[in-house]
Amino acid sequence: MKKYTVRFKELELGEHWFNFEIDNQFFSEFEKSEIQEGALTVKVKLFKEERIITLDISIEGEVMVMCDRCLDYFGFPIDFEGIVYIKPKYEAEKERTDVFGVNEDETEINLAQYFYESIHLSLPLKRVHPNDENGNSTCDKSMLELLEKYTKKKDEDNIDPRWDDLKNLFVERN
């Protein structure tokens, strides 16, 4: 994980660029990672000033995620943009998550955890295979057939008549 470290102390004031590659090995370093496979490129634009360093971070690529519908894996595109600030620890605000406080003697910062969290936070809550150009599902057809077979269809005509009696209990109030 050392390769995701930025040495900022020795840099001159101004703009600097860093590029990182994220692969399967990256995700294996994190215990119980939801993502096991991926290929992403990270671009970091570092702007150093006297008392603050600004990191403009861009992550692009694809990770393999499990479809919530058919349980098959598919490639999900990641396109993340974020800004992080590095300040001396005594100036950093504790409640802000976009500010890293560093001691005066620190010369570098490892961004691996930030990359990892940003990738995961870029994933939607519901992950389903995208539809094809005709609007048809690209999920595993055999799994969709099984789902159809075992899913109960709610039919308005087959409502238990006891529920109709309960509906009559509601009285409109003026």
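Screening Asp68, Asp140, Thr138 against His129 for a side chain to side chain contact (heavy atoms under 4.5 Å, CB included) leaves a single residue, Thr138.
Residues Val63 and Glu37 fail the side-chain proximity criterion, which asks for heavy atoms closer than 4.5 Å. In this structure the side chain of Glu10 never reaches within 4.5 angstrom of the side chain of Thr107, judged on heavy atoms. Looking at Phe47 and Asp56, their side chains never come closer than 4.5 Å, going by heavy atoms from C-beta outward.
At distances below 3.5 Å, at least one donor-acceptor pair connects side-chain atoms of Lys48 with backbone N or O atoms of Lys9. Although no hydrogens or angles enter the test, the distance criterion places no donor-acceptor pair under 3.5 Å between the side chain of Lys45 and the main chain of Thr54. With hydrogens and angles ignored, the 3.5 Å screen pairs a side-chain donor or acceptor of Asp132 with a backbone N or O of Asn134.
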Please tabulate, for the side chains in residues 118-127, all donor-acceptor contacts under 3.5 angstrom to protein atoms that are two or more places apart in sequence or on a different chain.
unit_1, atom_1, unit_2, atom_2, d
Ser118, OG, Tyr114, O, 2.8
His120, ND1, Tyr116, O, 3.1
Ser122, OG, Ser118, O, 2.8
Arg127, NE, Pro124, O, 3.0
Arg127, NH1, Glu34, OE2, 2.1
Arg127, NH2, Pro124, O, 3.4

Return all side-chain donor-acceptor pairs below 3.5 angstrom for residues 72-83, not counting sequence neighbours, or 'none' if the list is empty.
unit_1, atom_1, unit_2, atom_2, d
Glu81, OE2, Ser58, OG, 3.2

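Annotation: the span from Leu46 atom CG to His16 atom NE2 amounts to 6.5 Å, rounded to 0.5 Å. Atoms CZ and CD1, from Phe18 and Ile57 in turn, are 11.5 Å apart once rounded to the nearest 0.5 Å. Rounded to the nearest 0.5 Å, atoms CD1 (Ile86) and CG (Leu111) are 6.5 Å apart. Separating the CD1 atom in Ile35 from the CD atom in Glu62 is a distance of 11.0 Å, to the nearest 0.5 Å. We find the CD-NZ distance between Glu49 and Lys87 to be 11.0 Å, quoted to the nearest 0.5 Å. Leu40 contributes atom CG, which lies 13.5 Å from atom CZ of Phe20 (distance to the nearest 0.5 angstrom).
Closest of all the heavy-atom pairs between Cys139 and Arg69 is SG-NH1, 3.5 Å. Glu21 and Thr41 get closest at one heavy-atom pair: OE1-OG1, 3.4 Å.
Ile53 is connected to Leu11 through a chain of hydrophobic side-chain contacts under 4.5 Å among Ile, Leu, Val, Met, Phe, Trp and Tyr, so both are in one cluster. Criterion: ILVMFWY side-chain heavy atoms under 4.5 Å apart, direct or through other members. Under it, Val128 and Met66 are not part of a common hydrophobic cluster. Residue Ile59 is not grouped with residue Trp17 when hydrophobic side chains (ILVMFWY) are merged at heavy-atom distances under 4.5 angstrom, including chains of intermediate members. Cluster membership check: Met1 shares its hydrophobic cluster with Phe27, using side-chain heavy-atom separations under 4.5 Å among Ile, Leu, Val, Met, Phe, Trp and Tyr.
Residues Tyr4 and Phe26 place their aromatic rings such that the two centres sit under 6.0 Å apart.
Residues passing the side-chain contact (heavy atoms from CB on, under 4.5 Å) test with Lys3, sequence neighbours excluded: none.
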